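Beneath this line is the structure, given in structure tokens, with notes to follow.
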Amino acid sequence: MTVQNQPAGTRTDRGFNLAASWYVALPSNRLRRTPKAITLFGRRLVAWRDGSGRPTVMARACPHLGASLADGRVVDGTLRCAFHHWRFTGDGACVAVPGTDRIPRGARVRAYPTAERHGYVWVWYGSAEPMFALPEFPALDGGAGFARGFRLADLTGATVRRILENTYDPDHLVELHGLDVTDQPSLRILDGPDELTGHGPPILGGAWMGAELTWPAYTGRLGALANLLGINAEHFVLRVDGWPAGQRITYWADDVIQYRLLLATTPVTPNRTVQHIAVALEPSGRRLRDLRNYLVHRPEITVTSNQDLPIFNTLETGDRHGIYVEGDSGIRAFRKHYQHWVQRVADDA
């Protein structure tokens with residue numbers, strides 16, 4: 001398939017510029033026994049758990065007379081509409097209509113491929129079946145010794161692409177985040193997932209894209225603070241291992257892992273996207289050092305995210321292209337990759 005850049009301002013799916021991919025529907029702890037109304041991909045959906053606890057996400061309107069299925073109840077592992085008690089299974093099929101044994105033709109609702117992992121309910125968007133498996137990230141499940149961590153979730157005024165391309169923008173680390181270093185951060189697009197370890201199985205299906213960000217020791221006031229806290233280093237490395245709607249990230253200081261981070265997205269409506277961050281800190285085996293790292297990295301990541309949010313919330317151009325300079329090579333590469341997956345969205349997504 002030939003990959004071409006989308007014309008400036010072009011959007012898909014009722015105003016979205018969404019890639020075919022896995023997205024976070026909601027955190028797992030927000031979906032309990034009661035069906036929950038959610039808005040995702042600009043669509044009114046309902047999330048619920050069947051009799052075994054498996055999550056389902058499907059269209060919210062009952063095909064009978066349009067009642068909200070979010071007002072219904074889970075009965076015998078099916079979702080029962082509150083209006084006339086039609087019942088639906090997790091694949092969207094109607095299996096019971098009171099007063100008749102005959103199920104009307106077309107009595108089903110749109111159900112999305114759904115998975116639950118790392119404390120989130122995920123939904124596939126873009127085709128009837130996923131084009132690649134939901135990426136795994138063992139660090140968030142306590143794998144490889146990672147345990148202590150934290151999570152952030154912020155509703156932004158940005159698109160999915162805008163949030164994720166930020167990782168490929170080394171220049172903003174200096175200008176926006178005040179990264180005071182002796183030399184400019186540099187970015188290298190990785191050749192393949194074999195350059196990354198510890199993130200879980202490789203992301204397949206042509207969905208993978210990765211990069212490495214590097215910068216030298218902190219200087220100035222930031223360097224003085226980093227020296228005081230004992231977190232400065234000769235060099236820092238951030239490796240990104242991503243798919244079109246999310247990223248697995250590892251952060252090193254002098255070749256010692258500090259933490260692994262999951263960046264994921266929830267597209268609510270055009271230009272309204274939830275940014276999810278889940279962090280697993282690398283344990284040192286020393287309680288006081290681990291506590292120090294937690295007390296340092298949690299505010300560090302929180303402050304950095306909060307510096308990005310005002311920019312995200314006031315972007316004027318959606319996903320339209322801007323004027324590129326030399327330092328934007330990473331952004332351009334990511335945009336090309338992302339738009340390739342926008343073009344793979346099926347007409348009936």
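A quick note: this is a predicted structure, and the numbers were derived from the prediction, not measured. In this chain, numbering begins with 1 at the start of the sequence shown.
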### Query
Under 4.5 Å between any side-chain heavy atoms of V123 and F41, yes or no?
yes

### Task
Kindly give the heavy-atom pair with the smallest separation between P170 and L187, and that separation in Å.
CG-CB, 4.0 Å

### Message
Please tell me whether I249 and L152 are part of a single hydrophobic cluster in this structure, the criterion being side-chain heavy atoms less than 4.5 Å apart.
### Response
yes

### Task
Would you check if E165 and R162 make a side-chain contact, meaning some heavy-atom pair closer than 4.5 Å?
yes

### Query
What are the two closest non-hydrogen atoms of L79 and G72, and how far apart are they?
CD1-C, 4.4 Å

## Note on the structure
Closest non-hydrogen atoms of A20 and F132, given as atom of the first, atom of the second and distance, are O-CE2, 4.2 Å

### Task
Spell out, yes or no, whether Y259 and L295 are grouped together once hydrophobic residues are joined by side-chain heavy atoms under 4.5 Å, including indirect joins.
yes

### Task
Could you grab the distance from atom CG of D319 to atom OG1 of T159, nearest 0.5 Å is fine?
3.5 Å

### Summary
Distance col, row W122:CH2 vs S21:OG, nearest 0.5 angstrom, shows 9.0 Å

### Message
Looking at every non-hydrogen atom in both residues, tell me the closest pair between T56 and G90 and how far apart they are.
### Response
CG2-O, 3.3 Å

### Query
Is the count of non-hydrogen atoms from other residues, nucleotides or ligands lying under 6.0 Å from L65 atom CG greater than 12?
yes

### Query
Considering residues at least two apart in sequence or located in another chain, which fulfil the side chain to side chain donor-acceptor pair (under 3.5 Å) criterion with D91?
T89

#### Entry: Minimum side-chain heavy-atom gap R60-V109 below 4.5 Å
no

### Message
One thing to verify: whether R332 and D328 come together as a salt bridge, which I'm taking to mean a side-chain N less than 4.0 angstrom from a carboxylate O.
### Response
no

#### Entry: Under 3.5 Å donor-acceptor, T304 side chain and E300 backbone
yes

### Query
In Å and rounded to the nearest 0.5 Å, what is the OG1 to CG distance from T167 to L263?
5.5 Å

#### Entry: Test ring-ring contact (aromatic ring centres under 6.0 Å, His included) applied to Y168 - qualifying residues, sequence neighbours left out
F334

### Message
Within this structure, what is the CZ-CD1 distance for the pair R151 and I277, rounded to the nearest 0.5 Å?
### Response
12.0 Å

### Message
Is there a continuous path of hydrophobic side-chain contacts, each under 4.5 Å between heavy atoms, that joins V274 to I38?
### Response
no

### Summary
The single option from I203, L164, L204 that satisfies side chain to side chain contact (heavy atoms under 4.5 Å, CB included) with W243 is I203

#### Entry: Validation row: N313, T156 side chains within 4.5 angstrom (heavy atoms)
yes

### Message
Before you tell me yes or no, could you show the steps for L18 and V345 under side-chain contact (heavy atoms from CB on, under 4.5 Å), namely the whole-Å CA-CA distance, both residues' side-chain angles and the distance that decides it to 0.1 Å?
### Response
CA-CA 8 Å; L18 280 181; V345 172; 5.6 Å; no

#### Entry: Rounded distance (nearest 0.5 Å) linking atom OG1 of T269 with atom CZ of F16
5.5 Å

### Query
Taking atom types as modelled, is there a side-chain donor on H276 or T266 under 3.5 Å from an acceptor on the other?
yes

## Note on the structure
For residues 109-118, the side-chain hydrogen bond (donor to acceptor under 3.5 Å, both in side chains) pairs (sequence neighbours left out) are S28-E116, R43-Y112, R49-E116, H118-D141

### Query
Do R248 and L196 pass the side-chain contact (heavy atoms from CB on, under 4.5 Å) test, and can you show the C-alpha distance, the side-chain angles, and the key distance before you say yes or no?
CA-CA 10 Å; R248 306 181 294 193; L196 296 126; over 6 Å; no

### Query
Would you say the side chain of Q258 lies within less than 4.5 Å of the side chain of E282, judging by non-hydrogen atoms?
no

### Message
Could you check whether atom CZ of F83 has more than 12 heavy atoms from other residues, nucleotides or ligands sitting under 6.0 Å from it?
### Response
no

### Message
side-chain contact (heavy atoms from CB on, under 4.5 Å), that's the test. Do N17 and Y338 meet it? Break it down for me.
### Response
CA-CA 10 Å; N17 185 48; Y338 183 88; 3.9 Å; yes

### Query
Without hydrogens or angle criteria, can the side chains of H340 and Q343 be said to hold a donor-acceptor pair below 3.5 Å?
no

#### Entry: hydrophobic_cluster_shared for L140 and W22, side chain cutoff 4.5 Å
yes

### Task
List for me each residue that meets salt bridge (Lys or Arg N to Asp or Glu O under 4.0 Å) alongside R239, sequence neighbours excluded, and say none if there are none.
E212

### Task
Check for a donor-acceptor pair, side chain of S305 on one end and backbone N or O of T302 on the other, with a separation under 3.5 Å.
no

### Query
Roughly how far apart are L26 CG and Y120 OH, rounded to 0.5 Å?
11.0 Å

### Task
Classify the ring geometry between Y125 and Y23 as parallel (under 30°), tilted (30 to 60°) or perpendicular (over 60°).
perpendicular

### Task
Look at the side-chain heavy atoms of Ile, Leu, Val, Met, Phe, Trp and Tyr, link any pair under 4.5 Å apart, and say whether M58 and V74 land in one connected group.
yes

### Query
Are any of the side-chain heavy atoms of W124 and E129 separated by less than 4.5 Å?
no

## Note on the structure
Residues pairing under side-chain hydrogen bond (donor to acceptor under 3.5 Å, both in side chains) where one sits in residues 191-209, two or more places apart or in two chains, turn out to be R188-E195, H199-D241, H199-T250, W208-D241

### Message
Give me each pair satisfying side-chain hydrogen bond (donor to acceptor under 3.5 Å, both in side chains) with a member in residues 62-72, each pair once, sequence neighbours excluded.
### Response
H64-H84

### Query
Taking all atoms of both residues into account, what is the closest heavy-atom pair of H337 and A207, and its distance?
NE2-O, 2.9 Å

### Query
For atom CZ of R298, is the number of surrounding heavy atoms from other residues, nucleotides or ligands below 6.0 Å larger than 12?
yes

### Query
Is a side-chain donor or acceptor of T39 paired with a backbone partner of V268 at a separation under 3.5 angstrom?
no

### Task
Measure from the ring center of F88 to the ring center of W48 and say whether it is less than 6.0 Å.
no

### Query
After noting the C-alpha distance and the side-chain angles of R87 and D76, does the key distance pass the side-chain contact (heavy atoms from CB on, under 4.5 Å) rule?
CA-CA 10 Å; R87 288 164 56 178; D76 295 332; 3.6 Å; yes

### Flag side-chain contact, heavy atom, 4.5 Å: P267 against L40
yes

### Task
Check the pair S52, D50 against side chain to side chain donor-acceptor pair (under 3.5 Å), reporting the backbone distance first and the verdict last.
CA-CA 6 Å; S52 64; D50 64 17; 2.9 Å; yes

#### Entry: Whether R102 side chain and V97 backbone form a donor-acceptor pair below 3.5 Å
no

#### Entry: Shortest non-hydrogen separation from Y294 to P299 and the atoms involved
O-CD, 3.9 Å

